[in-house]
Amino acid sequence: MTTPSTALARTVVTALRGSGVREVVLAPGSRNAPLSFALYDAAQAGGLRLHTRIDERTAGFLALGLGKVTGRPAAVVCTSGTAVANLLPAVVEAAHAGVPLVVVTADRPARLRGTGANQTTDQVGIFGAFAPTLDVAAADLDELLGFVRTHDWVRPVHLNVQLDDPLLPDDDGWDGGDVPTWAVTLQAPDRDVAELAPGPRTVVVAGDDAGPPARQLAESGSWPLLAEPSSGCRTGDTVIRTYRLLLGTELGDRIERVVVFGHPTLSRPVSRLLARDDVEVVSVRHRGTWPDRPFAVSSEHDGVRVAVADDPAWLEEWRLADRSVGRKLDRLLAVEPDLTPHEVAGAVSRSVPPGGLLVVGASNPVRDLDLMVAPYEVGGRRKVIANRGLAGIDGTTSTAIGAALGRPRSSRAFALVGDVTFLHDTTGLFLGPREERPDLTIVVVNDDGGSIFATLEQGAPEHADRFDTLFGTPHGVDLASLCAAARVPHLRVDSLPELEQALLMPNGGIEVVEARVRRDNRRELDEKIRALTP
């Protein structure tokens with residue numbers, strides 16, 4: 001007969017498997033030892049894939065990355081106390097982005113709560129509305145399955161498991177058990193699909209995770225598609241590469257209707273467009289904890305379609321202007337004497353093959369990519385993802401590694417991040433010798449600090465004497481030494497040809513390519529770019 005904690009842990013693992021979980025990330029601890037042994041046995045039996053990380057925050061974002069690319073819930077398992085609190089950043093990002101995630105935390109028995117017992121705090125409901133909690137005290141498989149399965153996999157859930165001594169199994173192991181059949185019948189809801197009439201000068205805005213419906217609508221209506229890099233629909237000949245610049249021209253002023261998909265967060269010109277009183281905004285509902293839009297919406301639907309294509313002259317105006325501004329942008333960057341972050345973004349984008357993966361960090365890299373990625377051909381789609389739920393920089397390396405692990409081994413994977421983002425998740429590189437290392441090239445745009453603030457109000461000349469202390473934060477970290485400590489191959493490049501060569505010849509496994517760029521000309525360069533007109 002197994003111990004109560006071993007039996008409970010094995011029931012929890014059985015419920016995870018029965019709910020479709022196939023990827024589990026474990027952060028080691030003592031109180032979660034029963035769960036750890038049960039996961040190991042299940043992994044050995046082939047029921048799931050187990051990843052171990054030394055840091056709970058890293059573990060949470062690794063699970064987030066796995067969930068982003070697979071569309072299935074991944075689980076993260078940790079011990080009690082502050083370990084649980086370190087999962088909060090990944091949980092809130094998953095909640096706002098609508099990414100499935102199962103958080104499994106070990107806890108002391110309820111009788112020890114409120115007593116000052118070691119490593120014990122109130123873990124029930126610790127994630128608030130971001131992840132509803134089931135406090136698990138008994139091995140009730142039906143209760144566990146009912147809780148996990150009744151959620152619609154567009155937000156995290158939390159299993160808080162009370163584990164009492166003894167914490168080690170008293171038998172020779174477990175064969176993984178029988179997995180309950182997942183026989184949930186999902187009834188398709190009645191979809192509210194609106195049909196839009198042609199006529200108003202319309203653009204389609206595709207934010208994060210908008211998906212192919214945005215592209216399909218733009219093509220059906222002959223409308224310009226203003227698509228963020230992580231929208232999942234930056235393909236085809238309706239995509240407008242330089243839309244952020246064109247929105248500030250007479251062409252942008254003539255827009256009468258906007259159809260919004262996904263979660264647009266990158267661009268102030270887009271935000272200003274959506275806030276205009278003279279523009280009709282049609283919203284397509286999206287996932288996440290806060291699905292309401294932060295701007296006035298004329299109408300909202302589950303989907304939209306157009307029966308008759310609009311006059312193609314409107315789209316052609318945008319195409320001609322886009323080509324003109326795009327050529328001017330490329331010429332501007334070509335005459336810059338040093339490697340620019342925009343050129344780095346463009347080179348990385350061109351290196352992603354059909355079927356490949358690109359994970360892009362917040363701050364400047366995703367915005368640089370937004371300007372530099374050319375429309376991919378339909379049928380040659382690349383997977384581009386970013387943590388845009390809350391647009392934080394934390395956990396990006398771990399998200400990228402998780403995403404790469406969740407893709408077929410044969411597909412090439414890249415990450416494009418800034419130096420501060422990279423430093424923020426250093427422990428993401430620390431993998432044990434038995435851990436799988438995906439083929440992932442991490443390109444770090446190193447300008448020695450937070451240069452995004454130089455392009456914002458904080459970077460105005462009148463704040464120059466305080467800028468580095470408060471916002472720029474130059475760090476002077478030797479990334480080569482850092483990577484050597486983690487036993488990760490590192491290459492520094494200072495020119496576009498060097499970068500392109502490095503991207504063509506990967507080492508295999510996880511590697512870092514450091515692209516050094518200037519930080520003292522970022523504001524000036526951005527001003528030149530914003531001044532470009534057709």
Side-chain angles (χ1 to χ4, degrees), residues 98 154 188-244 246-247 251-252 254-267 269-271 273-274 276 278-288 291-293 295-322 370 373-385 388:
V154 294
D190 294 332
R191 286 179 55 79
D192 165 26
V193 179
E195 185 164 302
L196 301 181
R201 288 186 288 269
T202 301
V203 296
V204 178
V205 168
D208 181 66
D209 201 30
R215 173 183 61 81
Q216 293 162 359
L217 179 71
E219 291 175 348
S220 299
S222 291
W223 293 326
L225 177 59
L226 319 184
E228 294 182 4
S230 60
S231 62
C233 60
R234 195 143 177 169
T235 57
D237 57 7
T238 62
V239 175
I240 305 300
R241 169 190 167 190
T242 62
Y243 68 90
R244 278 164 45 195
L246 294 176
L247 284 174
L251 197 58
R254 291 164 54 204
I255 295 171
E256 297 173 328
R257 180 172 64 188
V258 183
V259 185
V260 185
F261 291 79
H263 184 48
T265 57
L266 281 187
S267 168
V270 168
S271 298
L273 169 66
L274 296 172
R276 277 170 46 183
D278 62 336
V279 170
E280 176 190 0
V281 177
V282 179
S283 171
V284 177
R285 295 185 179 95
H286 65 109
R287 302 182 302 178
D292 292 341
R293 302 292 189 183
F295 43 81
V297 171
S298 305
S299 62
E300 186 172 44
H301 312 278
D302 295 322
V304 292
R305 62 181 175 229
V306 58
V308 181
D310 224 327
D311 184 349
W314 171 244
L315 174 59
E316 189 57 28
E317 282 190 75
W318 280 84
R319 284 174 173 161
L320 289 172
D322 187 38
D370 191 37
V373 58
Y376 295 125
E377 68 278 7
V378 176
R381 185 180 173 198
R382 284 78 168 163
K383 183 78 171 177
V384 181
I385 65 172
R388 299 305 303 173

Can you tell if the side chain of Pro224 reaches within under 4.5 Å of the side chain of Trp314, non-hydrogen atoms only?
-> yes
With rounding to the nearest 0.5 Å, note down the distance linking CG in Leu274 to OG in Ser283.
-> 9.5 Å
Salt bridge (Lys or Arg N to Asp or Glu O under 4.0 Å) involving Asp370 - partner list, sequence neighbours excluded | Arg234, Arg244
Value rounded to 0.5 Å, distance of CH2 in Trp223 from CG in Leu217 = 5.0 Å
Residues passing the salt bridge (Lys or Arg N to Asp or Glu O under 4.0 Å) test with Arg241, sequence neighbours excluded, are Asp330
State, to 0.1 Å, how close Val204 and Ala214 come at their nearest heavy-atom pair, and which atoms those are.
-> CG1-O, 3.8 Å
What salt bridge (charged side-chain N to carboxylate O under 4.0 Å, His left out) pairs are there with at least one residue in residues 193-203, not counting sequence neighbours?
-> Glu195-Arg305, Arg201-Glu256
Heavy atoms, side chains only, cut-off 4.5 Å: are Val203 and Ile240 in contact?
-> no
Test salt bridge (Lys or Arg N to Asp or Glu O under 4.0 Å) applied to Arg319 - qualifying residues, sequence neighbours left out = Asp237, Glu316
Taking only residues two or more places apart in sequence or in another chain, which ones pass side-chain hydrogen bond (donor to acceptor under 3.5 Å, both in side chains) with Thr202?
-> Arg257
Note: Gly236 and Glu219 closest approach over all heavy atoms is CA-OE2, 4.3 Å
Distance in Å, Gln216 CD paired with Thr238 OG1, rounded so as to fall on 0.5 Å steps | 11.0 Å
Between the CG atom in Leu226 and the OG atom in Ser267, the distance rounded to the nearest 0.5 Å is 9.0 Å
Without hydrogens or angle criteria, can the side chains of Ser222 and Asp310 be said to hold a donor-acceptor pair below 3.5 Å?
-> no
Would you say Ser298's side chain and Val281's backbone share a donor-acceptor pair under 3.5 angstrom?
-> yes
Straight-line distance of Leu273 CG to Ile255 CD1, nearest 0.5 Å = 4.5 Å
Which pair of heavy atoms, one from Tyr243 and one from Ala227, lies closest together, and at what distance?
-> CE2-O, 3.8 Å
Decide yes or no for Ser230 and Ile385: does some side-chain heavy atom of the first lie under 4.5 Å from some side-chain heavy atom of the second?
-> no
List the atom of Pro229, the atom of Leu266, and the distance in Å for their closest heavy-atom pair.
-> CD-CD1, 3.6 Å
Under the side-chain hydrogen bond (donor to acceptor under 3.5 Å, both in side chains) test, which residues partner Thr265, sequence neighbours left out?
-> Arg388
Would you give the length of the straight line joining atom NE2 of His263 to atom CG of Asp209, rounded to the nearest 0.5 angstrom?
-> 10.5 Å
With side chains defined as the heavy atoms from C-beta onward, is the minimum distance between Arg215 and Phe261 less than 4.5 Å?
-> no
Shortest non-hydrogen contact from Leu225 toward Cys233 | CD2-O, 3.4 Å
Would a distance-only check, ignoring hydrogens and angles, find a side-chain to backbone donor-acceptor pair under 3.5 Å from Asp322 to Thr242?
-> yes
Minimum side-chain heavy-atom gap Phe295-Val279 below 4.5 Å = no
Can you name the closest pair of heavy atoms from Val284 and Asp302 and give their distance?
-> CG1-O, 3.6 Å
